[in-house]
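Data first, discussion second: the structure below is written as structure tokens.
For the numbers below, each heavy atom of this structure counts, side chains included, while hydrogens, waters and symmetry mates do not. So you know, we letter chains A, B, ... as the sequences are listed, proteins then strands, and number each from 1. From a predicted model like this one, the values you see are computed outputs, not experimental measurements.
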Number of protein chains: 2
Amino acid sequence: MPARVGIREVAAVAAVAQGTVSHFLNHPDRVSEEKRERIQRAIDQLGFVRNDAASQLRRGTSDTIAYIAPDVSNPFFATIAEGVEQQAAANGLSVFLANSNRSREREDAYLEMFQAHRVLGMLVASHDPIEDRLLHIRRRGTPTVLVGQRALGSDQPSVSVDDVTGGYLAVQHLIAQAGRRIAFVGGPLGIQQIGDRLEGAGRAVREAGDATMEVINVDNRTIAEGRLVAAAIASRPPANRPDAIFAANDLLALGIMHGLVVDHGIRIPADMLLVGYDDIEFGAASIIPLTSIRTPHEGFGIAAVDLLTAEIANSDAGRKKNIVLQPELVVRASTRG
Amino acid sequence: MPARVGIREVAAVAAVAQGTVSHFLNHPDRVSEEKRERIQRAIDQLGFVRNDAASQLRRGTSDTIAYIAPDVSNPFFATIAEGVEQQAAANGLSVFLANSNRSREREDAYLEMFQAHRVLGMLVASHDPIEDRLLHIRRRGTPTVLVGQRALGSDQPSVSVDDVTGGYLAVQHLIAQAGRRIAFVGGPLGIQQIGDRLEGAGRAVREAGDATMEVINVDNRTIAEGRLVAAAIASRPPANRPDAIFAANDLLALGIMHGLVVDHGIRIPADMLLVGYDDIEFGAASIIPLTSIRTPHEGFGIAAVDLLTAEIANSDAGRKKNIVLQPELVVRASTRG
DNA sequence: ATCAATTCTTGAAACGTGTCAATGACTTTT
DNA sequence: AAAAGTCATTGACACGTTTCAAGAATTGAT
């Protein structure tokens, strides 16, 4: 167990002043070649590692941003995380990734924690309405960007997808493929993204005139929950079943697909059309390749970081704070007779 | 822009001493009801958030551990991350998740960064040999647990899977299903996990006597790379193709499956048997449900955190430091004629 | 050789918190 | 009623770094 070694110990070994060691760490150009070598040797010898807490305390700031995601095991968020990571690295920032596990408590804990950490800014993806909490945080001086949800307040920067259009595209396509009894599977409907997708879906149904839509509400948008929905649908008399399903995300869609096809022998797309949302990589490789609504994944993370860095730099002037990305339909076998 | 507000400002507003506010934050039971209320009011009014840097500096430690993963978008690591998160939360710890994006540079940067942060300990999953670097870090006082790779040094705690057995199970099964010309798809072979799987596979081949195995080396174990392999295999004359494939992970397997089946009309399992590794959730929902080698995902993260906390507590006495989990074969349609 | 300008080096002060020994206010015991 | 405890509160100090003003050393120009 080595004794604590700080800048002072290094200075002593290298026979220079403590201030010089600090310069070596932060402005190496201001230190002469000779002392640089001595200091480097001392650092190696002692195994010195700068104490970030002290450094931050003195500087009053860090070079770190945070990204809070509700569910890292959803490839949608994982892909965004990679974009965030890359763009942040390009800007010389480090990223703390936090997984709130869809728990509001853990989300709050992380929000609090990152504030205490004095991160430069936070990217927050959430399933809950969270804008008021973010407002408090911004008021206290930490910039935030809402990810995946369009901000209502015009001061809150956000990167989101036009989910109304996404829902519209999905159901319009189902109807074009001869679906008439549409089922929307998703929830909780209180979540903005989900509500928007439903709204777009509803619009497509109304436009068609001769189609109907039922809503199957679920609490979690996971593969497991999709399987349950499949079982529920399969247990109905065939005449009562929908003939086309729009699932609020790809995980749900994959679960439904697997349940219907494997467990209950319902054929896709022959007996049932199916569209998902997000276009995660696994959708293309599923039992029946999944038609989905594609949103620009990498661009998502990049745009979010750009927005945040602008916010940090405080270049407020007339900047557009709410980026809304347009989704597109990707047709695959699950809706192609 | 609110003036910086610290414990001192809170104390002034609440008309108590600064030390009392500190007690309020850390030992509320030592503060009288009356002052507790006053202080809480002052905190709310001023929007005070404790400065973690100062707190850590004074305490000399944090309540945070780090988990460095090579690739969050691989569900295998994402699932482990969830287990880590949960078990850490149960122990009152927070987790900083970092994504090294398979880049050794970023990995080193994060290792350095978390040391500087004085985290309590680090969980590290890597594709590279990393034990010597972890040794340095441990020497400097930060406990580490190697995740996914068995440690060679007996002092380095690790949680891993018996990959030799895993590879053996996979190929033994392929041979039992009448595969004779086996192809192992994976790489770089220098990676311990991959090398072990290959070794187990080779053992199964030798035992069978009448089977052969070729090795198709790849650099990345991703869906995209799997597609390339599929194209390469499909371009051979049929007599030259393997009749059974063991892919070093599920992502590769899914890419291969998709490439063979969708792009080149090769049937699985009729023309080609296919086994993956890791048993990620999407494997069961793929075009042809994927036979795979299952490793206990949640248990992985939990075991890693337990090992780390033991290490942190320094309860060294005769504890087993290298946990090796046993994999099992999960048979699905991709190998079931 | 001298002076000015430049480059290096120095040590003290400050960042915001937790801790600790000391003090004061009460309560209980004798 | 005095002594001995208990509990709340206080304010100074230390944690390890960065910064800053000032001093020392070096360089270049005259």
Taking ring pair (Phe, Tyr, Trp, His ring centres under 6.0 Å) as the test, write out the residues that go with A:H23, two or more places apart. none
Separation of C:dC15 P from A:H117 NE2 (nearest whole Å): 21 Å
Starting from C1' on C:dC8, measure out to CD on A:E33 and report it in whole angstrom. 14 Å
D:dG16 P sits how many Å from A:F24 CZ, rounded? 20 Å
Distance-only donor-acceptor check, side chains B:S158 and B:Q149, under 3.5 Å: no
Whole-Å distance between D:dC15 P and A:D52 CG? 19 Å
Base, sugar-phosphate, or nothing: which does A:G6 touch, judged by heavy atoms less than 4.0 Å apart? sugar-phosphate
By nearest-nucleotide position on DNA chain C, the 5'-leaning member of A:S32 and A:R8 is A:S32
A:Q192 side chain to A:A151 backbone, donor-acceptor under 3.5 Å: no
In whole Å, what is the span from the CD atom of A:Q56 to the C1' atom of C:dT17? 14 Å
Tabulate atom names and distances for all N/O pairs under 3.5 angstrom spanning the protein and nucleotides 18-21 of chain D.
{"unit_1": "D:dT18", "atom_1": "OP1", "unit_2": "A:N26", "atom_2": "OD1", "d": "3.3"}
{"unit_1": "D:dT18", "atom_1": "OP1", "unit_2": "A:N26", "atom_2": "ND2", "d": "3.2"}
{"unit_1": "D:dT18", "atom_1": "OP1", "unit_2": "A:R50", "atom_2": "NE", "d": "3.2"}
{"unit_1": "D:dT18", "atom_1": "OP1", "unit_2": "A:R50", "atom_2": "NH2", "d": "3.3"}
{"unit_1": "D:dT18", "atom_1": "OP2", "unit_2": "A:S22", "atom_2": "OG", "d": "3.0"}
{"unit_1": "D:dT18", "atom_1": "OP2", "unit_2": "A:N26", "atom_2": "ND2", "d": "3.2"}
{"unit_1": "D:dT18", "atom_1": "O2", "unit_2": "A:R58", "atom_2": "NH1", "d": "2.7"}
{"unit_1": "D:dT18", "atom_1": "O4", "unit_2": "A:Q18", "atom_2": "OE1", "d": "3.0"}

SB check A:E33 A:R36 (cutoff 4.0 Å): yes
Phosphate OP1/OP2 of D:dT10: any B:T20 side-chain N/O under 4.0 Å: yes
Any base atoms under 4.0 Å from A:F48, or only sugar-phosphate, or nothing? Heavy atoms, all strands. sugar-phosphate
Would A:N74 and A:R102 count as having a side-chain donor-acceptor pair, cut-off 3.5 Å? no
Sequence neighbours left out, what passes side-chain contact (heavy atoms from CB on, under 4.5 Å) with B:R8? Give chain and number order. B:Q18
Phosphate OP1/OP2 of D:dA8 contacted by B:K35 side-chain N/O (<4.0 Å): no
Here the distance between atom C1' of D:dA24 and atom CZ of A:R30, to the nearest Å, is 17 Å
Salt-bridged, A:R138 to A:E311, with N to O below 4.0 Å? no
Specify the separation, in whole Å, of atom CG of A:N51 and atom P of C:dG16. 16 Å
Taking atom P of D:dA14 as reference, at what distance in whole Å does atom CZ of A:R4 sit? 13 Å
